[in-house]
Amino acid sequence: MIDEGIGMARTLSFSKAINEALAQAMREDETIILLGEDLAGGHGVAHLEGKGAWGGVMGVTKGLVEEFGEERVIDTPISEMGYMGAAVGAAATGMHPVPELMFNDFLGFCLDPLLGQGSKMRYMFGGKASLPLTVRTTHGAGASAAAQHSGTYYGMLAAIPGIKVVVPSTPYTAKGLLLAALKEPNIVVFSEDKTLYSSKGEVPEEQYTLEIGKAEVVQEGADLTIVTIGKMLFVGLEVAEQLKASGISTEVIDLLTVSPWDRETLEASIQKTGRMIIIDEANPHNSVGRDIAAVISDVAFDYLDAPIKVVSAPDTPVPFASNLEKLYIPSAQRVLSEADELIFDLRSAKEA
Amino acid sequence: MIDEGIGMARTLSFSKAINEALAQAMREDETIILLGEDLAGGHGVAHLEGKGAWGGVMGVTKGLVEEFGEERVIDTPISEMGYMGAAVGAAATGMHPVPELMFNDFLGFCLDPLLGQGSKMRYMFGGKASLPLTVRTTHGAGASAAAQHSGTYYGMLAAIPGIKVVVPSTPYTAKGLLLAALKEPNIVVFSEDKTLYSSKGEVPEEQYTLEIGKAEVVQEGADLTIVTIGKMLFVGLEVAEQLKASGISTEVIDLLTVSPWDRETLEASIQKTGRMIIIDEANPHNSVGRDIAAVISDVAFDYLDAPIKVVSAPDTPVPFASNLEKLYIPSAQRVLSEADELIFDLRSAKEA
Amino acid sequence: MTSAMTDNVPATATGCAIPPESAKRIYARMNDIRNFENKVRECFAKGEIPGFVHLYAGEEAVAVPICEQLTDSDQITSTHRGHGHCVAKGCELNGMMAEIYGRATGLCKGKGGSMHIADVSKGMLGANGMVGGGLPLAVGAALRNRNLKTGDITVCFFGDGAANEGTFHESLNLASIWKLPVVFVCENNGFGEATPQRYASASPTIAERASAYNMPGAQVDGKSVVDVYTTVGEAIERARNGEGPSLIECHTYRMYGHFEGDEQTYKAKEGDEKAFADKDCIPLFKEYAVKHGLFSQHDADEIEEASIERVEEALRFAQESPLPSADSLFEDVFS
Amino acid sequence: MTSAMTDNVPATATGCAIPPESAKRIYARMNDIRNFENKVRECFAKGEIPGFVHLYAGEEAVAVPICEQLTDSDQITSTHRGHGHCVAKGCELNGMMAEIYGRATGLCKGKGGSMHIADVSKGMLGANGMVGGGLPLAVGAALRNRNLKTGDITVCFFGDGAANEGTFHESLNLASIWKLPVVFVCENNGFGEATPQRYASASPTIAERASAYNMPGAQVDGKSVVDVYTTVGEAIERARNGEGPSLIECHTYRMYGHFEGDEQTYKAKEGDEKAFADKDCIPLFKEYAVKHGLFSQHDADEIEEASIERVEEALRFAQESPLPSADSLFEDVFS
Ligand SMILES: Cc1ncc(C[n+]2csc(CCOP(=O)(O)OP(=O)(O)O)c2C)c(N)n1
Ligand SMILES: Cc1ncc(C[n+]2csc(CCOP(=O)(O)OP(=O)(O)O)c2C)c(N)n1
Ligand SMILES: [Mg+2]
Ligand SMILES: [Mg+2]
């Protein structure tokens, strides 16, 4: 349709990039199956025979049932514990299931397959099981979806040994990381910010993988490191842009994998800049942001010119009202005000 | 049976202290009900009429059904989601339920009532609901119970806005904190280390409360602060004892409440000592220990003489074999080796 | 309970158990729901209302005649499709509309929105965005009723899709072994999102699952106010008399999509499903009521007009209400 | 399936479907389980084995005749009471005992212990410490069997207590709508810990819940090898033929406590329950087999002796095996 040449990057939406990764991997690996609610939709409706009604509640899996059939694009009843556990059982016996948890807020309905079963299975069995399993889910506020459909819980999953957690930020990183996850013999949670689905970016048509566990230095800088997770990349870039006016050179690092996060890249950066701000949309306590701050504050203690700042959501559920929700999500303005001392010092240094 | 005088402290076990708190509170407040598996046991067995078979799988609720009857000490089927959700519904309508989750490892079977419902209800309803709810559960390795019965997950709950989380360390703190929780109009998770149940300590017979959110300075010191959670108190005290030989004066702080944790007491301590080690048996990532380290590294940056160290379990499930399990749990030796630089510097300073 | 409770065909009305005063209130509330929903739909399309909005329109004959038989201290639990339950249980339209608009004057101060409207003082324990999330809550409320011996009962509304969640199983089992005063009302509108119930549920009906929990189960035509009133009324009676829980499956249909924006390609364009879809419970009830002398055509006209006015007023109230203050972001986490 | 599948009384043997070679293997494995369990019990009492130990003794007639009808590539899911399932599915006793002793030579390198013994190469997907945790796993294995068209089937063992978990409901529903090759085997030993099944479950039997999932359900005398073999055999056949899942409830009883250390005050000291408890499936099967010429008394003697020797050898193996290396603490988290 768009460019067809190999190696050619087309402009795709975040959701289409995910869709393409799924389709390409499924063509090559028949063990990959998708399970979830309304991934196709309309199952059993005569006039929709062979066609999905929806292709996912947000349209991400559109067209896949048409190509791969109902045995591989499996619409489930509303039974998260059942199908997530089934995904673990199928993975342990040689499939590569890709269950979709429509909103990560529904984790409370299907945590055991991840916490109690899948993440521990290989360890409990003394290495005698492999779990090729990619859990797709969504997180994030900004869609006026209120407290039960807007949370950011990748940190809760990242706390569990035996689970890798990836948070893409762009169509390009989404496709590359998802293809990598679909080749992993381990549980990877792939958490998509629902407000990014319509965002666009260049994406090569052929398959490529981005290494899980590797952060990307999106913009090099010398004075300050900003580490971002998922959509917060754009907040980080905005802050960097604003600081540029004061002559401050900001290194912006897109974390991409929140477990295991890339200590090497972060350490290298702080050794250069001596200052770090982490932007994480999750609630503050026991967050990935705080985890990084604790570790980097320790291992790079001698390089720190200022305390590491973590900018996050407040310690509250997500409010509905749009004006409150806007205050809830970390913004460039919030970053500048929460890190005001650090920035003031930097500015002063530059002026001096 | 033992001492009967008011204000008299008897020696009680950790489990008996909890039992006594429950009984005393239930006598005064008829809205308090207990729900859980085999809290009494033997329900419906003719020859046990009115008597429990077990009084809890670890005997903590022994004798309560005899005093309060089956309508208030409610044995449940193995339906964690059902009875935890029922506890939330009962709390929202004026009861003070005390559900017991036998092992915190079963959180995967009942997270939604806590994450999706209870913790968000008051907020979502604009302040128009109260949730007097005390969830009792157990955590901790050391009982050779392997990966699915030995985890430490209070950190996962402490990450959730709208839930308070308490971790007692001794019979005295257990009784006082539980009585406080039973007076709270909020969700409090009360997490008991199962290997402490038979530990003994002085406990006043009458009712008393310890403030939720308040840490206890167990031992004052000038050179180093050790913050401990639950059973780790004893590891902290052991380290302190060993350091004493080198003339190092250690302040040992028993955190007691892990959410909201007592920033004030910790800040005051680090301002005095300039050095902090946190001992938390949970897995390392996104743990309470790292949360504290991140915050204190920030707010007390100018006071830090050394990086804050967090000593935790490794990033693995809990192994079964006793020799491995022993290595898994933070020990005094592990603390000394992981904080070797900090301690070396302190020792050198003392000698100088 | 009548044999309708175990019968496989929808029960038919055999007389009229509804007192005239009730009939008028029922008709008024059905109109309130429909008008309210149509207004929300209109304002959502205009972009005035953000987020996910799941409309109850078409299902009024379920919630309204049931809640008519409840007091303010009886409780209900609800679903993501909760506007109808709120109105039926007596929540104020002004506060509801303001909530959906995210205003400080909303029933939840604008912090809950469409999916979380609640009024605990009215026994409305909240719309609930978690499918199946309300079932255990209902068990808990009923446990409270039993323990405090208040005589209150609880009605638990949930969808056909929710009946495949584990919470359904655990909750019905708990309610049954404890003989709790609760009525489980399954609103079977044929779909969970875009997935037909006949695909998602192994059992042809939800009602027949009752036997797995040793409780009475019944199906009823959820477009018939009288059938719902009568059959659920018996279950409510059972609950009040301490005879334990029941499960009633009300066959109904959504007038609109799963949420606003849904193209509804999965709906039948002809046949039985379409015929059932086209039955509108509101004129059906009016016709019945006028014929049986429960109220007159003139009463109906007045009720309809007043309802439209109430909804207009609710919209004005919402639109003119202030946004929540920035501080309120941090409030109401703990008591 | 026979009418026994829907009958309310335990089926009785009507002939012998068990081939002699199978009968011998069944008798050997039943003995292996019993001897193994008694040895574990003894060593636990001596303090050589730490942790929670749930013994299967008394329930041998459930797992063994079922697994006899499975291949190595068929899968089973198990429970916290998993030793019996392991032996029945062909796991090595040496590796099992070493695992329970926490030794490097254990089936899980000593890292799993009693509650997590597994041997995926034998289709044994692990003992499982989460009650109800195995049910969805079985659905997943069966889904794999369906999709890869391997002809393998899955047997899911779970307890009467587990039947009250939401996973039971969701798993049976999923297996049914997808017509998966899986047999759900409820080991109803009358108790979940110290709580009687008749209190915890609203339905008198677990088998009758099958109708809520539109699948066949049957009860069987779980102390009778022949009854279990035959009835579950039909369900296995159904699964292999692509006819979908079944639910079989096997009535059985624990010889010992819920876990070692349990005083078992809740068990009946007389009456029907006691009489059923006292029926020992192993001598019962020997008597039957000898009478029907499946094997001779002499064969039985040899099998018994060999079993005792195997268990002694397993114990020696375990006791003499090394502890896991310290490094192994950090291994096997990821592939
Ligand atoms: C636990 C959970 N799973 C999935 C969803 C997404 N979801 C919202 S509504 C819905 C369909 C519910 O169907 P049903 O119970 O029949 O209610 P209806 O919408 O038909 O009224 C789904 C799957 C959710 N909100 N919560
Ligand atoms: C999810 C979960 N809840 C509770 C427990 C504690 N527990 C262990 S075994 C058991 C009883 C299980 O009963 P049943 O399923 O009948 O199996 P049985 O022990 O009788 O073989 C319980 C409650 C657990 N291990 N997992
Ligand atoms: Mg529906
Ligand atoms: Mg049992």
Side-chain angles (χ1 to χ4, degrees), chain B residues 36-48 51-59 70 75-83 85 102-103 105-110 112 142-151 283 313-329, chain D residues 49-52 80 99-104 106 108-116 128-133 159-167 191-202 258-259 262-271 323-326 328-333:
Chain B
E37 292 156 17
D38 293 293
L39 292 184
H43 192 118
V45 172
H47 66 266
L48 290 175
K51 286 190 298 223
W54 279 6
V57 72
M58 285 167 279
E70 287 169 355
D75 275 353
T76 66
I78 312 175
S79 306
E80 289 84 6
M81 190 88 150
Y83 74 76
M102 200 186 287
F103 294 85
D105 312 71
F106 307 161
L107 205 53
F109 285 82
C110 58
D112 186 64
S144 295
Q148 291 179 333
H149 288 70
S150 305
N283 294 119
D315 195 17
T316 73
V318 183
F320 169 67
S322 302
N323 64 323
L324 298 184
E325 193 184 25
K326 209 169 274 167
L327 293 171
Y328 176 93
I329 305 170
Chain D
I49 296 172
F52 298 138
H80 55 286
E99 188 56 38
I100 292 171
Y101 266 76
R103 301 301 162 107
C108 306
K109 301 187 193 157
K111 290 161 78 169
S114 166
M115 255 190 297
H116 307 299
N128 201 320
M130 299 299 183
V131 171
D160 51 290
N164 298 318
E165 287 280 18
T167 53
F191 296 92
E193 292 190 349
T195 295
Q197 182 257 331
R198 65 176 178 283
Y199 162 69
S201 300
H258 167 63
F259 42 33
D262 174 7
E263 290 174 18
Q264 308 171 60
T265 56
Y266 49 81
K267 284 187 173 176
K269 280 145 199 78
E270 57 193 19
L323 296 176
S325 71
S328 75
L329 171 62
F330 304 101
E331 294 163 0
D332 303 322
V333 178

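Excluded from the calculations below are hydrogen atoms, water molecules and symmetry mates; all remaining heavy atoms, backbone and side chain alike, are included. Naming: A, B, ... by sequence-line order, numbering from 1 per chain. Computed from a predicted structure; not experimentally measured.
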Tell me, for [X] versus chain B, whether the close heavy atoms (under 4.5 Å) come from the side chain, the backbone, both or neither.
X        : result
D/His258 : side chain
D/Ser325 : backbone
D/Asp262 : side chain
D/Lys109 : neither

Choice from B/Gly82, B/Pro314, B/Ser322, B/Ala143 maximising heavy atom contacts with chain D below 4.5 Å:
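Max contact count across the listed options: B/Pro314.
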With a 4.5 Å limit on heavy-atom distance, are the side chains of B/Met81 and D/Glu165 in contact?
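No. Closest side-chain heavy atoms not under 4.5 Å.
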Any heavy-atom pair between the side chains of D/Val131 and B/Phe109 that's under 4.5 Å?
no
Got a donor-acceptor contact below 3.5 angstrom from the [X] side chain to the [Y] backbone?
X        : Y        : answer
B/Ser79  : D/Asn164 : yes
B/His43  : D/Ala200 : no
B/Asn323 : D/Pro324 : yes

Top contributor to chain B contacts, counting heavy-atom pairs under 4.5 Å, from [options]:
options                                : value
D/Thr265, D/Asp332, D/Asn128           : D/Thr265
D/Met130, D/Arg198, D/Arg103, D/Glu99  : D/Met130
D/Ala268, D/Gly161, D/Ser114, D/Ser328 : D/Gly161

Among residues at least two apart in sequence or on other chains, which ones pass side-chain contact (heavy atoms from CB on, under 4.5 Å) with D/His116?
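Counting only residues at least two positions away or on another chain, D/His116 forms a side-chain contact (heavy atoms from CB on, under 4.5 Å) with A/Met124, B/Ala146, B/Gln148.
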If you measure from CZ on D/Phe330 to CG on B/Leu327, what distance do you get to the nearest 0.5 Å?
7.0 Å
So, taking the atom named CD1 in B/Ile78 and the one named CG in D/Asp160, what distance separates them when rounded to the nearest 0.5 Å?
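Reported value, rounded in 0.5 Å steps: 7.5 Å.
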Not counting sequence neighbours, which residues clear ring pair (Phe, Tyr, Trp, His ring centres under 6.0 Å) with B/Phe106? List them please.
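Partners of B/Phe106 by the ring pair (Phe, Tyr, Trp, His ring centres under 6.0 Å) criterion, ordered by chain and then number, come out as B/Phe103, B/His149.
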